[in-house]
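When a ligand or atom number is given, it counts from 1 through the structure's own listing order.
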Amino acid sequence: MNGFGAFRLLREALRGQTGWEPQWRSPERPQPTYDVVIIGGGGHGLATAYYLAKQHRVGRIAVLEKGWIGGGNTGRNTTIIRSNYLFPESAALYDHAVQLWEGLSQELNYNVMFSPRGVLMLAHNVHDEQSFRRHVHANRLAGVDNEWLDAEGCRAFCPPLDIHQQRYPVVGGALQRRGGVARHDAVAWGYARAAAALGVDIVQNCEVIGITRGADGAVTALSTSKGEIRTGKIGVVAAGSTSLVMAMAGVRMPLESFPLQALVSEPVKPVFPCVVMSNTVHAYISQSDKGELVIGAGTDQYPSYSQAGGVQILSHTLEAICELFPMFRRMRMLRSWGGIVDTTSDRSPIIGLTPVPGLFVNCGWGTGGFKATPGSGHVFAATIARGEPHPIAAPFSLDRFATGRLIDEAAAAAVAH
Ligand code: FAD
Ligand code: PYC
């Protein structure tokens, strides 16, 4: 911080922080009419609004958020970014996102702290090794970086890792060097600021409570906690609450909702250089720029809407982390939380049109949607604007659950769900 910055900080502290300018416009109430309304002010919804405003001439756009922007899964996730999925359709979708991550801070003129420090997925047995090697080959064929490391290679890449312990011996791992992490709330704030600058209304504390359809079945309006809004196009981007919101329009979704939990340790000096995931033991770990170890678990085993952390799940995960990284055994944990993830039966998202004219949906990212935020927003915006699926989004249509053209990414989804 330079001298001017320090002086401003002191002045604001002394006068009760009254001089800060908000980073984005956030009107208290919505307008009575919009051309497009996005339900959900998470990263995906805000990114959708940004690309709609920047790349498509669709008129007036609003993002309605029932709480505060980024307060859903966007602000609750462990920020792992990678594109090493098995099928070409998925590789195209997730790598589209990684390519956008690589230039996102410049695109938004906002530091989202994208840090491609490498994501290592550990193999503990022959089955893991076969599965990951298959992913490595498939990814390379699709032009996505991924490489197999033997156990010594894993240890060299991540020195805190104990590859010889008895319980979860490491036989190797798949490494995506372009993978990494970003700062989750900066992603929401960066998209919000850029979208608002292009004229998008971002209305917080505005819950959608009803969707109205006309005689032809098409959407015509929304009821919200801040009044009625007329609109002909609605994009539902309400992870965790998708089934509830879509039910307002009479659409039943092929989704199940589960809590997914994570926790952070006390902050320490930089000790952990990369991201490590172990699907087999349901644990993954990285270190934030604040110094906290960021640790996550698999989903709870039964559906619910509880966002509280549960000791039983977290203690299982911490036991596994302590086996893999014995040097962390004496670390103290600071806090834990959960977020509600919408999961599909093939562990792939749903992006596109719905049976209701004017109603579009983007959901089902399960435990892994943060990594897709820019790509998801980009292709969903094009889908809403044109009224037909963007080519990258086309395989992820809702009707694949009727046609049977599923994209089974259970192994690549990594965190069990
Ligand atoms: P959200 O950020 O949840 O946004 C949806 C918004 O809709 C919410 O803000 C909600 O308040 C709002 N909303 C809902 N109903 C209404 C309504 N009726 N009216 C108005 N607004 C409404 N993904 C990864 O890729 N990597 C990870 O490392 C990772 N780790 C995770 C760890 C945890 C603990 C959790 C919970 C998730 C993790 N994920 C991860 C998944 C990822 O967080 C999500 O897939 C992603 O953030 C979804 O983004 P979104 O913008 O769609 O959802
Ligand atoms: O999708 O890579 C992922 C992930 C890691 C932790 C939670 N989700």
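Taking the side chain as every heavy atom from C-beta outward, Trp365 and Asp342 never approach each other to under 4.5 Å. Using a 4.5 Å heavy-atom threshold, the side chains of Met253 and Thr344 count as separate. Inter-residue side-chain proximity for Glu65 and Ile39 is flagged as unmet; no heavy-atom pair is nearer than 4.5 Å. Here the side chains of Val219 and Lys233 are not in contact, with every heavy-atom distance at 4.5 Å or above.
Residue-ligand proximity, Trp365 to ligand 1, at heavy-atom distances under 4.0 Å covers atoms 45 (O). If you number the atoms of ligand 1 from 1 as listed, the ones under 4.0 Å from a heavy atom of Val237 come out as 5 (C), 7 (O). For ligand 2, the atoms lying closer than 4.0 Å to a non-hydrogen atom of Gly368 are 1 (O). Counting atoms of ligand 1 from 1 in the listed order, those under 4.0 Å from a heavy atom of Cys206 are 20 (C). Close approach to Gly339 involves these atoms of ligand 1, each under 4.0 Å from a residue heavy atom: 36 (C). Within the listing of ligand 1, atoms 2 (O), 3 (O), 9 (O) sit less than 4.0 angstrom from a heavy atom of Gly72. The contact set between ligand 2 and Thr78, taken as ligand atoms under 4.0 Å from a residue heavy atom, comprises 6 (C), 7 (C). Heavy-atom contacts of Asn73 reach the following atoms of ligand 1: 1 (P), 2 (O), 3 (O), 36 (C), 43 (O), 44 (C), 47 (O) (cutoff under 4.0 Å). Which parts of ligand 2 touch Thr367 is read off a 4.0 Å heavy-atom cut-off, strictly below it: atoms 1 (O), 4 (C), 7 (C), 8 (N). Within ligand 1, the atoms closer than 4.0 Å to a non-hydrogen atom of Ala262 are 34 (C), numbered from 1 in the order shown.
The pair Arg140-Asp145 does not count as a salt bridge, with every side-chain nitrogen at least 4.0 angstrom from each carboxylate oxygen. A salt bridge links Arg25 with Asp201; the closest basic N to acidic carboxylate O contact falls under 4.0 Å. Using a 4.0 Å cut-off between a side-chain N of Lys or Arg and a carboxylate O of Asp or Glu, Arg405 and Asp399 do not qualify as a salt bridge. Between Lys226 and Glu28 there is a salt bridge, since a side-chain N of the basic residue sits under 4.0 Å from a carboxylate O of the acidic one. Ion pair Glu292/Arg335 flagged as a salt bridge, since at least one NZ, NE, NH1 or NH2 atom sits closer than 4.0 Å to an Asp/Glu carboxylate oxygen.
Within the set Val181, Ile38, Thr74, the minimum heavy-atom distance to atom 2 (O) of ligand 1 is found for Thr74. Nearest to atom 44 (C) of ligand 1 by heavy-atom distance, out of Ala182, Gly240, Gly369, is Gly369. Closest heavy-atom approach to atom 4 (O) of ligand 1 within the set Gly42, Ala297, Gly366, Gly377: this belongs to Gly42.
An N or O contact shorter than 3.5 Å is missing between Tyr284 and ligand 1 by distance. Among the atoms of Glu65, some N or O lies under 3.5 angstrom from an N or O of ligand 1. The shortest N/O to N/O separation between His44 and ligand 1 falls below 3.5 Å. Close N/O approach between Glu207 and ligand 1 is not found [any backbone or side-chain N/O within under 3.5 Å]. The N/O atoms of Val208, backbone and side chain alike, include one that comes under 3.5 Å of an N/O atom in ligand 1. At under 3.5 Å, not a single nitrogen or oxygen of Ala238, backbone or side chain, sits near a nitrogen or oxygen of ligand 1. By the 3.5 Å distance cut-off applied to N or O atoms, Met248 is not counted among the residues near ligand 1. Checked against a 3.5 angstrom limit, the closest N/O atoms of Gln261 and ligand 1 fall outside it. For Arg82, a nitrogen or oxygen atom sits less than 3.5 Å from a nitrogen or oxygen atom of ligand 2, counting backbone and side chain alike. Considering backbone and side-chain atoms alike, Thr367 places an N or O below 3.5 Å from some N or O of ligand 1. The distance criterion of under 3.5 Å between nitrogen or oxygen atoms is not met by Gly67 with respect to ligand 1.
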Practice item. Apply salt bridge (Lys or Arg N to Asp or Glu O under 4.0 Å) to Glu266 and Arg332, showing your working. Key: CA-CA 6 Å; Glu266 60 190 334; Arg332 284 169 295 195; 3.1 Å; yes
Review point. Can you list the steps and then say if Asp95 with Arg178 is a salt bridge (Lys or Arg N to Asp or Glu O under 4.0 Å)?
Key: CA-CA 10 Å; Asp95 211 61; Arg178 283 164 65 235; 3.1 Å; yes
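Across every non-hydrogen atom of Trp68 and Gln204, the tightest pair is CA-OE1, 3.2 Å. Here the shortest heavy-atom pairing between Asp408 and Phe87 reads O-CE1, 3.1 Å. Annotation for Trp148 and Val171: closest pair CZ2-O, 4.0 Å, computed over non-hydrogen atoms. Of all non-hydrogen atoms in Thr280 and Asp128, the two that sit nearest each other are OG1-OD2, 2.7 Å.
Residue-level proximity to ligand 1 for Leu64 is carried by the backbone, the only part with a heavy atom below 4.0 angstrom. Contacts between Ala188 and ligand 1, counted as non-hydrogen atom pairs separated by less than 4.0 Å, are absent for every part of the residue. Here Thr79 has backbone heavy atoms under 4.0 Å from ligand 1, and that is the only part of it that gets that close. Within the 4.0 Å heavy-atom criterion, the part of Ser241 lying near ligand 1 is the side chain and not the backbone.
Regarding atom 53 (O) of ligand 1, its nearest protein heavy-atom neighbour is Ala239 CB, 3.2 Å. Of the protein's heavy atoms, Lys371 N, 2.8 Å lies nearest to atom 25 (O) of ligand 1. Among all protein heavy atoms, the one lying closest to atom 38 (C) of ligand 1 is Asn77 CB, 3.2 Å. Among all non-hydrogen protein atoms, the one lying nearest atom 26 (N) of ligand 1 is Ile80 O, 3.0 Å.
Checked against the 6.0 Å centroid criterion, the rings of Tyr51 and Phe380 do not qualify as a close aromatic pair.
Considering His96, His44, Lys371 in turn, His44 is the only one that fulfils the side-chain hydrogen bond (donor to acceptor under 3.5 Å, both in side chains) rule with Ser376.
For the pair Cys363 and ligand 1, no heavy-atom separation below 4.0 Å is found. Residue contacts with ligand 1 include Gly368, since one of its heavy atoms falls under 4.0 Å from the ligand. Residue contact annotation: Gly43 has a non-hydrogen atom under 4.0 Å from ligand 1.
Once rounded to the nearest 0.5 Å, the distance linking CZ of Phe370 with OG1 of Thr79 reads 5.5 Å.
Relative ring orientation between Tyr85 and Tyr94 is described as parallel, the plane-to-plane angle staying below 30° on a 0-90° scale split at 30° and 60°.
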